[in-house]
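To start, the structure itself, in structure tokens.
All values reported here derive from a predicted model rather than from experimental measurement. So that the names make sense, note that chain A is the first sequence line, chain B the second, and so on, each numbered from 1.
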Amino acid sequence: MSTADTTPENTGGSIAGSGPEAGGAPAPEAPSEAGGEKEVGLLAELSVPLVLAAFALYLLVGLVTMDLPEGTTFPGPRFVPAIVAAGIAVLVIAQVVTVLRQRAPLAADRVRPAGRDETEGIAGTVSRRPGIAWGSFAWAVGGFAVFSVTLPFLGWVLGAALLFWCVSRAFGSRRPLLDVVIALAVSSVAYICFDMALGLSLPSGLLGGGF
Amino acid sequence: MDSVSHLLGGFGEALSLVNLLWVLVGCLLGTAVGVMPGLGSSMAVALLLPVTFALDPTAAFIMFSGIYFGGLFGDSTMAILMNTPGQASAIASTFEGHTMARSGRAPQALATAAIGAFVGGMTASVLVVFLAPWLADFSASFGPAEFFALAVFAFFATSSILADSALKGLLALALGIGISVIGIDGVSGAPRFTAGSPLLFDGISLVTVTVGMLALAEVIYVACRERFDPDRAPMRSSGRPWLSRAELKEAGPAWARGTAIGLPFGVIPAGGSELPTFLAFGLERRLDARRKDPQFGRGAIRGLAAPEAAGNSTTGMAMGALLALGLPVSATAAIMLAAFQQYGLQPGPLLFDRSPDLVWTLLASFFLAMVVLLIINLPFAQLWAKLLLIPKPYLYAGITVFCGLGIYATSPSVSDLLILLVIGLIGFMMRLADYPLAPLIIGMVLGPLAESSVREAIQSADGSPLALFEGPIVWLIYALLLAAIVFTVATRLLDARSRRRQSSRTEG
């Protein structure tokens, strides 16, 4: 009851399955298999410093190319950004060194319940899988990207329904037709509540007879 | 007694039918989000932030306060019934709370938690009513050096003192401040880091960052990192949802002690209510060990009552600090501050003078929210547990659609949606590697304040940075910060040493 170690294989759920093998990437939860998963952890740990290094570089280029208005006195518009960029540079180096020297399992490799750790007695309905389900990732991120680009053309009702459908697929829903119905219902209700009742402007797109 | 008459005026405003409706909507939404495992009130506030721009400020903030407190009430329900805390502040409640539920005392546990949260929140709200105007008066004399010191205190308290890894916390903080400097510089008018594109002249909107970091990143993360166990169901609770006189006598002192522990943490930027809940729990356990028949481990009502009261009293006081000083102590409070800024209001000393109607209506709505939350949580906790029946795919798909809705409603352009996606991906990476997100949000919210005060202070002293370190209040703030850092480093070293000793003992 307290720990959720059993692998849930949900096929008979009443409305939809939320099984683990979303996107065709089943991840058997065995700590001994961590050998191949180490890569993911290292990748994750190094990706954030990498992004931040790129950001610091962007700040640096901006600092050099910035046009200062006439008569700017000492702590001008460059002052704080310069400190931030320098700070990021130092911290990134320190963090990369720390990660490379680390012996303990990296954050993304640890298989533990979603709350805290076992010693604190937390176990939930959710447990972490080792590694990343790239199939789910692609459905969620790709779905949002397509939604963003096509929204003005498709309009809110169709675009949001598409997004809803993709994300529920990313979460392992395997009833495409039922999902379509629910997705259209959700996006239509949102359109009625927020566009018609609250007065936010959402695009009508195709269904509105033009774009 | 000025406060009382102001507050009565606030009640007059808040008790109107429309505002009562918003209190109710906020409380229902907050509780619903709190009940969902894994969703915290910061996500709820972030998601609703863009949508509320269609409302007038008073209604929006009344709703926010309902969500803010409702998240805590709802969290404890699931912590007790399923052993799944929605956010860190509910962890302490699971220990004895879930044990009580397992031994067949679920209704009493739920009642203890709801009343505890009510007591803590009410006490804090009363204190805020009397303290906040005083605090605002006091801080009216603050100059740029004082505000800079406060911002620095908030930066370091959230990024390095509480975070597991100080490096990661500081990196997140630096990213937040870095994002906040993009756009046209408010002092000199120079465009900064816009890459020549007019898209970035206004900077990256705080709404986009909070929604991307707290909501979209969470969806992507959960989609590819977590799996759900559909077989686990919340425990049934049946029987009387009321406490017997003996139980009340048992829980009463614990509620009081928990409230007392939680109150001071509301004004210290120490990352919210996680720390006080654990402190309250630890105190009760130590007190319990001295008794003739220790109850802890067998479902001690005190071990649940104290952390619940502590958590909510911290949350209540945090609103006081936000209103009077403009100082957010947690990610949720930072988003509320952002909401104020979106309406052109700056929380802090001047808010009480400039928009007294809004402030007092908001404070009055705290009391209403507490009463409403007690009513909708005490008898109906079991009903809320039914929310778990919503299939996870649809829940998260709905959240994603809501992200898109909010961002598109505030600025209808494809590029903003794409920026949201990029921020969501960065947030996903940060979550993957266990980076804390609160420092980023606080860095972004307080970054502009810190920058403008540092420049103002140095400029008015003709370029001397020493101006930042003048005045007794400034010294006091830095002394507190230094003490906190020394204390953290010392406890961490002690921890590491005792762990090393333990491991060498087991090896030898």
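- A/Ser47 approaches B/Met429 most closely through the heavy-atom pair OG-SD, 3.4 Å.
- With a threshold of 4.5 angstrom between heavy atoms, A/Phe137 approaches chain B through its backbone and through its side chain.
- Taking chain A as the reference chain and counting heavy-atom pairs below 4.5 Å, the highest number among B/Pro191, B/Ser180, B/Ala190 is found for B/Ala190.
- Taking 4.5 Å as the limit, every side-chain heavy atom of A/Phe144 sits out of range of all side-chain heavy atoms of B/Val219.
- Looking at B/Ile399, neither its backbone nor its side chain comes within 4.5 Å of chain A, counting heavy atoms on both sides.
- No option in A/Leu162, A/Val167, A/Leu163 other than A/Leu163 meets the side chain to side chain contact (heavy atoms under 4.5 Å, CB included) test with B/Val401.
- Side-chain rings of A/Phe55 and B/Phe193 stay apart, their centers remaining 6.0 Å or farther from each other.
- Looking at B/Arg192, its side chain does come within 3.5 Å of a backbone N or O of A/Pro77 through a donor-acceptor pair.
- Of the atoms belonging to B/Thr194, it is backbone heavy atoms, and not side-chain ones, that fall under 4.5 Å from chain A.
- A/Pro81 is listed as a side-chain neighbour of B/Glu451, based on a closest heavy-atom distance under 4.5 Å.
- Of the two parts of B/Leu173, neither the backbone nor the side chain holds a non-hydrogen atom closer than 4.5 Å to a non-hydrogen atom of chain A.
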List the steps and the verdict of ring-ring contact (aromatic ring centres under 6.0 Å, His included) for B/Tyr408 and A/Phe147.
CA-CA 11 Å; B/Tyr408 199 82; A/Phe147 160 77; 7.8 Å; no

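- Using a 4.5 Å cut-off on side-chain heavy atoms (C-beta onward), B/Leu405 and A/Trp156 make contact.
- For the options A/Leu59, A/Val51, A/Thr150, A/Ile88, heavy-atom pairs under 4.5 Å to chain B are most numerous at A/Leu59.
- A heavy-atom distance below 4.5 Å is not found between the side chains of A/Ser168 and B/Lys392.
- Residue A/Thr98 touches chain B through its side chain alone, counting heavy-atom pairs closer than 4.5 Å.
- In this structure, B/Val454 and A/Val80 have side chains that are in contact, with non-hydrogen atoms separated by less than 4.5 Å.
- Looking at A/Val61, neither its backbone nor its side chain comes within 4.5 Å of chain B, counting heavy atoms on both sides.
- Heavy-atom distances place the side chain of B/Ile426, and not its backbone, under 4.5 Å from chain A.
- Ranked by non-hydrogen atom pairs under 4.5 Å with chain B, the options A/Val186, A/Ile83, A/Leu63 are led by A/Leu63.
- Residues A/Glu45 and B/Lys168 are in side-chain contact: their nearest non-hydrogen atoms beyond the backbone lie under 4.5 Å apart.
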Evaluate the side chain to side chain contact (heavy atoms under 4.5 Å, CB included) criterion for residues B/Ile458 and A/Phe79: first the C-alpha distance (whole Å), next the side-chain angles of each, then the deciding distance (0.1 Å), finally the verdict.
CA-CA 11 Å; B/Ile458 296 181; A/Phe79 182 62; 4.1 Å; yes

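- Between A/Phe164 and B/Tyr394, the ring planes are parallel. Angles under 30° get that label, and only those over 60° would be called perpendicular.
- For a residue to count as touching a neighbouring chain, one of its non-hydrogen atoms must lie under 4.5 Å from one of that chain's; by this rule B/Ile407 does not touch chain A.
- No side-chain heavy atom of A/Leu151 sits less than 4.5 Å from a side-chain heavy atom of B/Val414.
- Note that CG of A/Leu91 and CG of B/Leu171 are 4.5 Å apart. Values are rounded to the nearest 0.5 Å.
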